[in-house]
Amino acid sequence: MKETRGIPCQANPPEPMDNQSFKQYRLKKEPTASKIDFKAELNSEQYQVVTGGDGPCLVLAGPGSGKTRTLVYRVAFLLSQFIPPDRILLLTFTNKAAREMLRRVELLLGRYPTGLVGGTFHHAGNLALRRYADRIGYRRNFTILDRSDSKDCLAEVVGEMRLGKERYFPKADVLQGIISFSVNSCQDLAAVLDRQYPYLARFQSEIERAAAAYQARKLAANSMDYDDLLSQWNRLLVYCPEARDYFQDRFRSILVDEYQDTNRLQFEILKSLAGRHGNLMVVGDDAQSIYSFRAAEVRNTLDFKKFFPGARIARLETNYRSVPEILELANRSIAHNQNQFPKELKSTRPAGPRPVLVVTQNAFSEARFVAQRLLELREEGTALSDIAVLFRARYQVTELELELAARGIPYLIRGGIRFYEQAHIKDVLAYLKLLVNDRDELAWRRILLQLDGIGPGYFRRFWSRVSAAPVPMETFLEPDSSSGLPFRSRPGFAGLQKLFRELRRDEYAGQPAAQIKAVLEGDYRSYCLSNYTDGPERLREIEELARIALQAENTERFLAETVMGENFKGESFDGNGGEEQEMLTLSTIHQAKGLEWKAVFIISLADGRFPFARALEEPEGLEEERRLFYVAITRAKQYLYLMQPVIEYGWEGNQVQRLSTFVQELPESDYETWLAGDSNGSAG
DNA sequence: TTCCAGACGTTTTTT
DNA sequence: ACGTCTGGAA
């Protein structure tokens with residue numbers, strides 16, 4: 001999978017498209033697409049979409065209407081029309097959705113079509129920038145900052161500018177949110193402050209200065225944050241005609257899944273990419289727009305026709321997934337929203353069981369019920385892998401995790417802390433980052449602060465000297481480069497120099513797995529064991545990381561994919577590491593989008609937990625939460641359990657919680673109600 | 001300046 | 001219960 005995806009990162013300028021090389025693709029590589037009998041395999045709605053002509057097209061698709069399938073078949077159709085795979089761009093929003101999409105392309109065609117670029121917007125942005133970053137002032141070997149890196153960087157900037165001294169000046173977290181929203185929504189900071197942070201408006205000029213300094217800092221470190229992968233890509237398309245021409249020519253067909261989640265910035269990118277030919281097919285469902293906190297613009301969907309005059313609009317309103325009882329519940333729920341395209345979803349499935357509201361005493365009895373019921377379902381023939389438990393926020397699932405662990409039920413948890421965001425993983429990645437980009441200030445910082453006797457102060461001195469050098473790594477490796485650092489740090493510093501001398505030898509070049517091993521064999525193993533109580537476990541994870549790295553093409557690619565979260569299926573390790581093992585899925589609703597299970601439990605359906613209290617502070621908050629509920633319900637094919645814990649086991653004693661608004665507003669005839677039988681809902 | 005200990009407040013969703 | 005912040009000692 002790794003080597004077949006994406007634009008190769010080559011140093012030379014793009015070659016012109018020539019038909020000769022495309023012919024080879026047609027004849028040798030993609031015979032399968034032309035053999036597909038589209039008419040036989042698709043229903044009439046889907047067929048219209050799949051075989052429709054070029055030009056802009058908006059597909060409004062309800063849940064379970066086979067929209068990803070339609071998109072995948074559209075790709076196959078294009079290939080069968082002799083369009084070479086490398087002239088197709090397939091975009092979506094999350095890694096999860098991207099993986100699913102690409103998996104199905106592969107499944108349908110028998111193999112991944114060589115050259116087809118598919119993945120998240122960030123993935124595509126990364127590839128585009130690897131090719132052209134030098135045109136906008138960066139170098140092509142830039143490294144990528146994850147959320148906490150960029151937060152640290154921002155905190156550093158604020159500290160140096162002495163802005164933090166102002167009372168109530170926003171903390172780095174908040175600042176990052178503001179800046180990120182401004183970038184993604186293409187609004188200037190003043191507008192964002194005005195509309196969403198009026199209480200911070202008095203800091204406007206300071207925030208603007210901090211944002212500018214942050215941007216400059218990243219440029220100097222030759223590193224980009226997640227937002228840069230989009231905004232710099234967009235800059236490239238706007239300011240570099242050569243790059244724009246290249247991408248406009250190269251991608252003669254662009255397909256976007258989960259379009260309702262795109263934001264203004266992504267829209268601008270799409271406009272540039274599809275600007276010349278307009279061959280843009282987007283598929284989405286406004287009722288499933290759940291990323292407004294990331295500046296998703298439902299207007300992109302609602303006003304598609306305005307932006308792309310002459311656009312076709314197609315609808316997929318048949319639902320193949322859920323039994324009518326579940327679909328009925330979903331339709332009733334979403335009808336409470338004002339802002340939407342009303343849709344008439346029809347189920348094709350025969351009648352099934354009614355959804356069930358299960359009232360339990362508290363989160364522990366809720367967990368017990370779920371565990372017990374899912375074992376029964378398994379007895380009745382539903383595979384564990386066909387069951388999911390969905391929740392609004394990560395912390396809501398802890399009681400269930402305990403219960404599952406106690407019963408030895410295997411599960412895969414999605415959402416929450418990501419594998420690559422853990423300290424020990426980031427530590428190791430920092431070494432690799434320096435091998436790729438020795439201007440990466442945050443990587444240097446991370447590594448040097450591990451040394452005894454070096455803190456932020458000494459690091460600053462070190463970096464102001466070394467960053468001025470033409471090649472920071474060379475300067476670092478010079479014998480006297482530790483001058484100015486405290487005596488105590490000298491052994492560690494020398495060890496670090498030795499490690500990097502080793503890592504720069506040819507046999508490590510482009511071999512991230514070998515590099516990771518060398519880092520471990522340096523001082524990191526001891527560091528890990530002496531700093532973390534669960535050191536051995538962390539080491540095991542690092543070895544796992546090395547195993548994954550074996551698959552990577554080179555270090556640069558490995559780092560980018562890892563930081564963008566593409567390398568880990570479940571974002572965390574499961575005990576057995578077996579992919580095919582029968583496992584229950586635990587997932588945030590956000591991450592569950594686009595997936596389906598035979599049986600679905602939605603836990604924590606109490607006001608305040610879901611709808612989530614803090615989300616209601618936003619103006620459109622309740623509607624977005626309801627869309628989230630809608631997404632959750634429509635994941636279920638046959639069995640749907642709505643779980644209500646009555647008593648909140650909180651810090652300030654126990655409190656009775658109201659049933660979630662989203663269930664209350666449904667007619668009681670649409671579901672059954674069960675009272676979970678166990679009375680000893682003790683807090684274990 | 002670094003580093004440790006203890007207090008504090010805090011808990012969304014993703015790239 | 002968990003990372004982040006603060007203050008004080010080395």
Side-chain angles (χ1 to χ4, degrees), chain A residues 91-98 119-126 144-152 155 159 164 171-173 176-177 180-181 183-184 224-231 233 258 261-263 265-266 289-296 390-399 402 414-418 420-423 448-462 484-489 531 560-566 571 587-593 604 608-618 621 624-625 627-629 631-632 649-651:
Chain A
L91 294 172
T92 186
F93 204 61
T94 60
N95 280 312
K96 180 84 90 56
T120 60
F121 277 86
H122 293 83
H123 175 85
N126 175 50
I144 300 172
L145 306 181
D146 72 10
R147 218 181 114 99
S148 72
D149 289 333
S150 67
K151 196 192 88 183
D152 292 347
K171 295 270 178 280
D173 262 329
Q176 186 186 41
S180 179
F181 198 91
V183 171
N184 281 291
M224 299 201 195
D225 63 19
Y226 290 141
D227 297 333
D228 285 322
L229 294 176
L230 301 181
S231 66
W233 182 18
E258 308 286 9
D261 290 325
T262 54
N263 56 41
L265 180 53
Q266 288 162 325
S289 172
I290 54 175
Y291 282 98
S292 68
F293 67 94
R294 253 173 78 179
L390 307 183
F391 42 89
R392 176 64 179 86
R394 177 68 168 73
Y395 71 89
Q396 295 171 347
V397 82
T398 42
E399 288 87 355
L402 291 174
R414 301 177 175 282
I417 314 109
R418 285 185 196 37
Y420 60 89
E421 283 176 357
Q422 299 178 80
L448 285 177
L449 288 193
Q450 287 169 13
L451 299 181
D452 259 5
I454 295 187
Y458 281 117
F459 173 73
R460 206 165 297 145
R461 286 181 216 175
F462 166 84
L485 297 181
F487 220 68
R488 197 144 76 93
S489 68
N531 278 272
E561 286 171 359
T562 303
V563 177
M564 288 189 295
E566 292 172 14
E571 272 88 32
S587 173
T588 61
I589 299 168
H590 281 88
Q591 288 217 349
K593 189 147 68 114
S604 242
R609 292 162 77 85
F610 190 17
F612 198 74
R614 273 185 60 173
L616 300 184
E617 291 163 11
E618 301 291 311
E624 174 138 329
E625 292 288 293
R627 290 193 292 265
L628 201 52
F629 183 61
V631 169
Y649 178 70
W651 323 266

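Quick note on labels: first sequence line is chain A, next is B, and so on, each numbered from 1.
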Given side chains that start at C-beta, do those of A/Tyr291 and A/His590 come closer than 4.5 Å, heavy atoms only? yes

Would you classify A/Ile454 as touching base, sugar-phosphate or nothing, given that sugar-phosphate means primed atoms plus P, OP1 and OP2, and contacts are heavy atoms under 4.0 Å? sugar-phosphate

Check every strand shown and say whether A/Tyr291 touches a base, only sugar-phosphate, or nothing at a heavy-atom separation below 4.0 Å. sugar-phosphate

Do A/Glu258 and A/Thr92 pair up side chain to side chain, a donor and an acceptor below 3.5 Å, judged on atom types alone? no

What nucleic acid atoms does A/Asp225 come within less than 4.0 Å of, heavy atoms only: base, sugar-phosphate, or nothing? nothing

Sugar-phosphate only, base, or nothing, as touched by A/Lys593 at under 4.0 Å among non-hydrogen atoms: nothing

Is any side-chain nitrogen or oxygen of A/Arg460 closer than 4.0 Å to OP1 or OP2 of B/dT1? no

Are A/Ser180 and A/Asp227 linked by a side-chain donor-acceptor pair shorter than 3.5 Å? yes

Do you know the tightest heavy-atom contact between A/Leu265 and A/Val183? CD2-O, 3.6 Å

Please classify the nucleic acid contact of A/Arg461 as base, sugar-phosphate, or nothing, using heavy-atom distances under 4.0 Å. sugar-phosphate

Between A/Gln591 and A/Thr94, is there a side-chain donor-acceptor contact under 3.5 Å, judged purely by atom types and distance? no

Of the listed nucleotides (B/dT12, B/dC3, B/dT15), which one gets closest to any side-chain atom of A/Phe612? B/dT12

Quiz question: going by heavy-atom distance under 3.5 Å, is there a donor-acceptor pair between the base of B/dT14 and the side chain of A/Arg147? yes

Options C/dT4, B/dT14, B/dT2, nucleotide nearest the side-chain atoms of A/Lys151: C/dT4

Sugar-phosphate only, base, or nothing, as touched by A/Pro456 at under 4.0 Å among non-hydrogen atoms: sugar-phosphate

For the side chain of A/Arg614, counting heavy atoms from C-beta on, which of B/dT13, B/dT11, B/dC3 is nearest? B/dT11

Give a yes/no on whether any side-chain N or O of A/Gln591 is located under 4.0 angstrom from OP1 or OP2 of B/dT14. yes

Hey, is A/Phe93 stacking on B/dT15? Ring centres under 5.5 Å, planes under 30°. no

Nucleotide of B/dT15, B/dT13, B/dT2 approaching A/Thr588 most closely (side-chain heavy atoms): B/dT13

Pick the nucleotide of DNA chain B nearest each of A/Leu449 and A/Ala615; which residue has the one closer to the 5' end? A/Leu449

When both hydrogen-bonding distances must be under 3.5 Å and the geometry is Watson-Crick or G-U wobble, what is B/dC3 paired with, if anything? C/dG8

Identified pairing partner of C/dA1, criterion: Watson-Crick or G-U wobble below 3.5 Å: none

Is the ring pair A/Phe121/A/Trp233 parallel, tilted or perpendicular, if the boundaries are 30 and 60 degrees? tilted

Against the side chain of A/Tyr458, the closest entry in B/dT2, B/dT13, B/dT15 is B/dT2

Looking only at the side chain of A/His122 (C-beta and beyond, no hydrogens), which of the listed nucleotides B/dT15, B/dT13, B/dT11 gets closest? B/dT15

Taking atom P in both C/dT6 and B/dT11, compute the distance separating them and give it to the nearest angstrom. 16 Å

By nearest-heavy-atom nucleotide on DNA chain B, the more 5' of A/Leu229 and A/Asp452 is A/Asp452

For atom P, what is the distance between C/dC5 and B/dT12, given to the nearest Å? 15 Å

